[in-house]
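What follows is a set of notes on a single structure, which appears directly below.
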Amino acid sequence: MTLFFIILTLSAILYMFIVARAKFTYVIALAVLLFFVSFFPIIWGAVLSFFDFFSLSSIHFVGLKNLFCAFNDKGLLLSVKITSLWALIVLLLKLVMSYALALSLLNMKKFSRIFYTLALTPWAIPLYISVIAWTVLVEGYGGNSILSHIFLTNLDLASNVTLAFFSTAFVSAWLGVPMMTLVLLSSMQSISKGLVDLSKIEGLDPLEKALNLYLPYTLPVAFPYIFLSFLSSFKEFTTLFLMTNGGPSLVSGFGQQTIVGATTSLGMLMYSKFYSTTNYGIIGAYSTVIGIIIMLLLIVGWNYQSKSKKSLLVLFTILVHVLFDVWGLGDGFFSFTPLAFYILSYVLCVKRKKLFKRLFVMGAVIDITYMLFVMWANGFSGVSVSAIISAVVATTLSFEGRIHVNPFKVPESIWKVLKSLWLSFWSLTVLLVIWTVVFIAFSKQNIIPVEKFFPKSVTLSNFYFLFKDYAFLHAIENSLIISAMAVLTVILTVFPAAWASVDSKGSLRLGKIMVFASFFTGMHTLIPLAITFRFLGLLNTLVGISISIAAHSSVIAYFLILPFLQSIPKSLNEAAKLDGAGNFSRMVKIYLPLSLPVLATVSVYVFIEAWNSFVFPLVLLDSQNLYPVSMVLYNFIGEYGVAYSQWNLFGAGSIVNMVIIGILFIFSRKHIMNGILTKGGIQN
Amino acid sequence: MRKFLTFALISTLFLSLGLASTLTVWFSWEGQNTFMSIVKKFEQTHSNVKVNVVYIPKMIQKLRITLASGGNFPDIALVRNDYLGILVNANRIHSVSAKNVPSNIVKAFSVNGKEYAYPFYADIQVMYLNKYVFDKTNTPYPKERWTLKDLESLAQHIKDHGYIGLLLNGIASYFFNSFNAAYNGGEIPQKNGIPVVTGKGTLNAAKLYNYLFNVKKIAANYKKMALVNAFETNKAGMMFMGSFLIKKFLDSKVDFSIWQYPYLNSNQPIPPVLDPKGFVVFKPSEAAKEFLNYVTSANVEKEFCNATYKLPTNSKAAEELGNKNNFFKVMYESSKNSIILPTSEVFKNGYVKAVETALNLYLNGSLKLETAFEKAQEYIESHK
C-alpha cells in the first residue's frame, strides 16, 4: 500500500503543476474527476510496469524487465499492425458512408425527417444490441444467416479471417456513421452559398462536387473529429469482443508469448493478457507500450491542425515513421526509399509547395504499394503502421488545391438512381437490425431468425418472464441512476471548467489534458482504475460506474460547451462586471441560462453514452443487483462462443431498451441536431 | 413489569443480532434460486448465522479483479476446480477437509497434496441425441457400450438423410481433452506438471478431429452458441456437450435424450470431463464450517442437484440420485469413466489457449499437424 500512496501523492503533485494556472475554483471539480479516472490510472499503470505485481502485498522491483518483455513481444507488434489496418478500414468505410449519407441528406426536401431518423438510428440502438444483431445477420451462429443464404455458403466468423476482419470493420463503421454524418453536415454548412451556386453553374456532377467542393472544404474542418475517430478505432474493444472475441487464429499470431488472432485489437489483447497472467506488472508494461504508440499517433494528428506549418506535420510524420520502422512496425530496410521522398518533400516544403505535395504523395504511394506486396506474401505481418500513417497524411494533402474531373460523365437520372439505391441500402441495414431484434423478442422458440420472415409462433411471454424472473425493472432503475448521475456529474464539472476556459489559458490546458487522457485510457487502464476505485471505495458501485462514464464523456461535452460559451458576446460579460457581478454570479446568472440549449444537447449525449455503457460495468461491477440493462442483456447471450444463449429474453430486453432510448431520442432529436449543427459545434 | 419486559425483549433482540455472525457467500453458475431456498432453510435452523449470498455472473473475472485490486474477498465462494491454482498461489484460500467425497473429486480440489474446497456438485460431458432427427431418419439408438465406429456409422446415416450427423466444438480444448486422454491411456499427458501436447496420442486425437470434420465430413465444427442453436432447431442428430444443458433443454421442451460418451475401442473409453464446483474458504470461522457442512450434506446436495440436473459430489447423494431417471443414470455412469482437468496455472493460462489455436490452425489447413502442436508446446512452456 505504501507504493500506492507514494505514487498517488507524486501524481497529485505533478497534476497540480499542470493545472495550477487554471481558475482553481472552477476547474477543481473536473480536475479531481479526471485525476482519479484518467490521470492517476495511467501513471499507476506506468509505474507498475517496473514491478512484478501479483497483489498489493506481493510486489518486487524488476526494473525494465516487464517493459522489455512488452516491447519485444512479437504478438503485441502484430496486434498493433492489425489494429492499424483495421482502424484505417473502419475510417475509410465510415468516411465513405458518412459522406454519402451527408450529401444525400443535404438539401433533401421530401422524406427528410424519415431519412434523418434512419441515419441517426444506429446511435440510438445500444452497441451490445446492434453488434449481436449484426452477428446474427452475418453468421447466424451456425452458418444459417441471411448472408449465408445470399452467398450460398457457410459463413463462419470463427474460421474465416477475411469475413471476420471486414465484417467487424463494417459493423464498427456502421455504428460510427450517425455521429460522423452529423459532423460532416455541420462542416458542410460552413461552405459559402456562392461556391455551391458556382458549382451548379459550372455543371459539376455529384462526384465532382464531392471531390472538388465538399471534400476539400469539409475535410480540414472535420479533420479533428475524423482523427479522433481513427484513434478511437485503435482502442476498439466491444465490437470485436462480441463478434469474434479476437479470432480467427493466425499462423503468424501463434507466438510463444502472446496469441493474436485476425481481430485481436490492442483492446482485445489487453483483455486477454488480463486473463492469462496474474502478474499485473506485465499488464502495466503492455499498457505503457500501447500508450506510447497512441502518443506517437497523436503527435502526427496534433500537428495536422497547424495549417500554416505543413513542415511540422511532415517532420513529425518522418520522425514517427522512423521510430516505427526501428521498432519493427514499418517496412524495415525498404523504408529508406519512401523516407527519401518524405525528407526531400520536407526540404522543399516552404519554397516549392506543389512539388512538396507531389513528392510526399509519391513516397506514400511507394510505401503503401510495398506494404500491399508484403501483405500479399506474408498476411497481416506485412502491415506497416508507418506506411498507413503516411498514406493518411498524403490523402489529406492531395485533396488540397486540386481539381478533379470525372472522365465518365453519366446522366443526372443515373445519379438519382444511385442516391436512391444508397439510401435504400442504408435503410435496409437499419431495418434489418431492428427486425432481427423484433423477431427474437416475439418468437416463442429460443432461436435466431433465419429461415422465415416471421417467427413460427408469436408470444408476449418473453416480456413477462423478463420482468418476473430477471428483475429487469431493477436493471432499468440501475441504468437510470447511472445515466442521471453521469449527466449531473458532467454538467457540474465540465460547465464551470469550460466557462473558466473562455478567458483563461491555464484552464484551456485542462482541455488538452482531457483529450490526451481520453486516448491513453481504455481496456489497458481499467485495472489501475479498479485499484484506484477500491482505494476510494467506488469499486462495485453505481457511483463508480457513473463517474467513469462522466470522465470519458467529458471530452466531447467540454468541446461542445466551450465553443458555445465563446460565441456568447463578451459585451454581456463586461456589462455585468461593471454592475459589480462577481465571477460565480456571472457564470450562474448570465452564462448558465444562455447555455441551456447546449447543456440539453450534452445531457442527451451523456445519458445515451451512460445508458449504452458496456465495458465499465463489465469490468468494474460484479454484483448482479447492481447490473444495468447492458449487462443483463449481455448475460442472456454471453460472450462469443461461450455461453448458452437465451435469445428470446435478449430480444425482449432489447425491445424495452430500444423503446426507452427511442422515446428519449424522439424528444431530444431537435436538441441534438441544434447542438451539433451549429457554428460552434464540433468543428471548432 | 411491562417496561421491564419491553426492555428485556429489545435487549435480547439486539444481543442476538449482535451475536449472529454474517457470512458472505459468492455464488455462481446455475441454480441460484434453489441455492437461495437452501440458505433460507439453513438460517431457520441456525439462528446464530446470517448468510449474505451475492450472485457473481463471471466468477473468474471477479476473483482476478479482486486479486489485482487488493479488494475484499468473501468468507466463502463457489469456484470451479481449475481456479484453485491461482487462488492457492496468491495465498488467499485455506486448506480444508471434506467428508464423504470420492477420491477423484478430492484430487480435483487438491493442490500440492492439500485439499482446498468443499465439493458441492459436478457437471459432466455427455452425448445429446436429438429424438426428432433420430425418428425422422430412422436411425437406431446406440447400444449402451458403443464405440467410435458406431458413432461414425450413425452420424453417416443421419448425414445421408440431409441432417448434420454430429455437432462438436472442434476447437474447444474442453472437448478435445477427452479425446486427448483417450489416445493417451485415459490421462492428459504431463511432464513435471507441464502438459505435453507433442506426443503421438495427442496428435492422433487431432487426426481424429480432422477425419470427422474434413475427411468424412460427418461432423460440424461450431462454437457453443451455434451448436446449441443447431441442435435445438433439429438440424443435427448428435452433439457432444456438458450436462448443464439438460435443464435448459427440458425447460425449452427440446425432444432429446442423453447417452454416455462412446468407447474409442473395445477397452478404452473416451473419458468425459467432470467439471466439479466446490466452496473455497477465504475467511475460516466456525460459522463458515457450520454452513459448509450443511450445504454439502447428502440431503442438501441431493435437493440442489435434483432441481438443477447436477451430479452430487457427496457419494451417498450421488448414488441415491443416480437411479432417479435416465438423465441422472447416464450422468452417474459417465462419471465413473471421467477425467478431471488439472488445477495448475500453466494448464489454465497456457494449455487451453495453445491447444485451441493449434487445433484451429490445423483443422483449417493453415498449419501441419506436427508444427501446430510444436508451437502449442512452445507457448505452454513459456507460460509455466
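So that the names make sense, note that chain A is the first sequence line, chain B the second, and so on, each numbered from 1.
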Item to check | Part of B:Glu381 within contact of chain A (heavy atom distance under 4.5 Å) | outcome: neither

Item to check | Which atoms of B:Ala376 approach chain A - backbone, side chain, both or neither, heavy atom under 4.5 Å | outcome: both

Checklist entry - Between B:Lys353 and A:Phe254, does a side-chain contact (heavy atoms from CB on, under 4.5 Å) hold up when you go through it step by step? => result CA-CA 10 Å; B:Lys353 201 155 189 191; A:Phe254 200 173; over 6 Å; no

Next on the checklist: How long is the straight-line distance from CG of A:Asp156 back to CG of B:Asn221, given to the nearest 0.5 Å?
Outcome noted: 7.5 Å

Checklist entry - Should we say atom NZ of B:Lys247 is surrounded by more than 12 heavy atoms from elsewhere, each under 6.0 Å from it? => result no

Checklist entry - Once you round to the nearest 0.5 Å, how far does OG of A:Ser249 lie from CG of B:Leu359? => result 9.5 Å

Checklist entry - Quick one: CD1 on A:Ile259 to NE2 on B:His383, what's the gap to the nearest 0.5 Å? => result 7.5 Å

Item to check | Distance, nearest 0.5 Å, that separates CG of B:Leu361 from OG of A:Ser159 | outcome: 11.0 Å

Checklist entry - Taking the side chain as C-beta and beyond, is there a heavy-atom pair between A:Gln256 and B:Tyr379 under 4.5 Å? => result no

Item to check | With B:Phe175 via ring-ring contact (aromatic ring centres under 6.0 Å, His included) - residues at least two apart | outcome: none

Checklist entry - Of all residues at least two apart in sequence or in a different chain, which pass the ring-ring contact (aromatic ring centres under 6.0 Å, His included) check with A:Phe36? => result none

Checklist outcome for this item: The interface call for B:Ala220 against chain A, heavy-atom contacts under 4.5 Å, is neither

Next on the checklist: For the OG atom of A:Ser272 and the CG atom of B:Asn349, what is their distance to the nearest 0.5 Å?
Outcome noted: 11.0 Å

Item to check | Side chain / backbone / both / neither for A:Leu250 at chain B, heavy atoms under 4.5 Å | outcome: backbone

